[in-house]
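Worksheet: the structure to be examined is printed underneath.
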Number of protein chains: 2
Amino acid sequence: MTTATPDPLDTVFAALADPTRRAILNMLLEDDMAVTDVAEPFSMSLAAISKHLAVLADARLITQEKRGRVKWCKLEPDALRAASVWMQGFGQFDPVDLDAFERFLETEFDHSGEAFSDTENAAEFDTNSADNRLD
Amino acid sequence: MTTATPDPLDTVFAALADPTRRAILNMLLEDDMAVTDVAEPFSMSLAAISKHLAVLADARLITQEKRGRVKWCKLEPDALRAASVWMQGFGQFDPVDLDAFERFLETEFDHSGEAFSDTENAAEFDTNSADNRLD
DNA sequence: CGGATCGTCAACCATCCGGTTGAATATCGA
DNA sequence: TCGATATTCAACCGGATGGTTGACGATCCG
């Protein structure tokens, strides 16, 4: 709904602030998934996951398309990139420079290392119970 | 305090999810500031700003050092970089669609190539009241 | 048709969050 | 010492969040 139309970064960062939702994004990195399949590894109700997905969709981090009776969830990385670029501004103590960003993408993406921790890919989430925390 | 020791990314993203706090970070990009000076451009109580700063400090986005009776706030970009790295894992997911990305940016950083600095520094914030919101 | 599956909705609950105000603490400076 | 300045603390409030359960509307399939 988003009746108040807040700053897009508000909703993006708020969506990213929840470990369950970040884990969902990691899962969707692999492939598009149905809601039920997204919910499967988590120890929480389907309704809760459905809400999380709604939050992600509201932040435009994912899109959802209903085909038949199953609703497919798809990662939508543009919003993430926007947030990422916002942060890059701090990393380099410089106003955002799209060209520099593009250069960055081209150079840094090829060493396709595992960028994120994969702590959250860990086959069985139980987001509350501190398994997936290392630092 | 942070009694529950949650994932660092939780607190970082949660801290970034508030426009007042992002504005504060932008201000600290310029220079270290005392709490009172941080509060000055905002139309909210000093106590509220003090709380915001505590949130930022808890997320390690800033550090605070008390010299005399004034507490200096200093930007600490390492945490931001960590979050940034996390997000880049998603960036490489796709061939980068810079056009779509740029469109998204425009909804966020309205005018000019000057991404932040002054859009949110605009002499008087009233973060709730829709001045700096355009979408 | 009728039953199983997919997903959301509605109500409810506990907790967190962002803000307020007023009092308290600490330090500076005359 | 006394008053002004800097900052936090404590209590409170309304609204958002994250979770639950149970009922419900669709859709598939035998």
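These values consider heavy atoms only, across backbone and side chains, with no hydrogens, waters or symmetry-generated copies. In what follows, chains carry the letters A, B, and so on, assigned in the order in which the sequence lines appear, proteins first and then strands, with residues in each chain numbered from 1.
- For Ala54(A), the side-chain contact (heavy atoms from CB on, under 4.5 Å) test picks out no residue, with sequence neighbours left out.
- Taking atom NE2 on His52(B) and atom C1' on dC17(C), their separation rounds to 9 Å, with Å as the unit.
- A 4.5 Å side-chain heavy-atom check between Ile24(A) and Leu53(A) finds at least one atom pair inside the cut-off.
- When distances run from any side-chain atom of Ala34(B) to the nucleotides dC6(C), dT7(D), dT8(C), the shortest one goes to dT7(D).
- Of the possible polar contacts, none joining the Arg60(A) side chain to the Pro77(A) backbone as a donor-acceptor pair under 3.5 Å is found.
- Linking Ile, Leu, Val, Met, Phe, Trp and Tyr residues whenever their side-chain heavy atoms come within less than 4.5 Å places Leu25(A) and Leu29(A) in a single cluster.
- Between dG7(C), dT8(C), dT7(D), one nucleotide has an atom nearer to the side chain of Ser50(A) than all others, and that is dT8(C).
- Listed by chain and number, the residues in a side-chain contact (heavy atoms from CB on, under 4.5 Å) with Ala47(B) are Ser45(B) (sequence neighbours excluded).
- When rounded to the nearest whole Å, the span between CD1 of Ile49(A) and P of dT21(D) equals 14 Å.
- To the nearest angstrom, P of dA6(D) lies 18 Å from CD of Glu65(B).
- Grouped with Val70(A) in one hydrophobic cluster are Trp72(A), the linkage being side-chain heavy-atom contacts under 4.5 Å among Ile, Leu, Val, Met, Phe, Trp and Tyr residues.
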Could you please spell out the steps behind the side chain to side chain contact (heavy atoms under 4.5 Å, CB included) verdict for Met87(B) and Arg81(A)?
CA-CA 7 Å; Met87(B) 293 207 292; Arg81(A) 282 199 208 95; over 6 Å; no
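- Summary for the helix from dG7(C)-dC24(D) to dA30(C)-dT1(D): the axes at its two ends, each from 5 pairs, differ by 30° when rounded to the nearest 10 degrees.
- Side-chain N or O atoms of Arg21(A) include none that pairs as donor or acceptor with a backbone N or O of His52(A) at under 3.5 Å.
- Residue pairs meeting the salt bridge (charged side-chain N to carboxylate O under 4.0 Å, His left out) criterion with at least one member in residues 31-51 of chain A, sequence neighbours excluded, do not occur.
- Distance Leu16(B) CG to dC17(C) C1': 16 Å, rounded to the nearest Å.
- A straight line from CG of Asp58(A) to P of dG18(D) spans 12 Å, rounded to a whole angstrom.
- One atom, CZ of Phe13(A), and another, C1' of dA16(D), lie 20 Å apart when rounded to the nearest Å.
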What one-letter contact string describes nucleotides 20-30 of chain C from 5' to 3', where B marks a base within less than 4.0 Å of any protein heavy atom, S marks contact via sugar-phosphate atoms alone, and - marks no contact?
BB-----BB--
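- The separation between Ile24(A) atom CD1 and dG7(C) atom C1' is 14 Å, rounded to whole Å.
- Taking atom CG of residue Asp37(A) and atom P of nucleotide dT5(C), one finds them 14 Å apart after rounding to whole Å.
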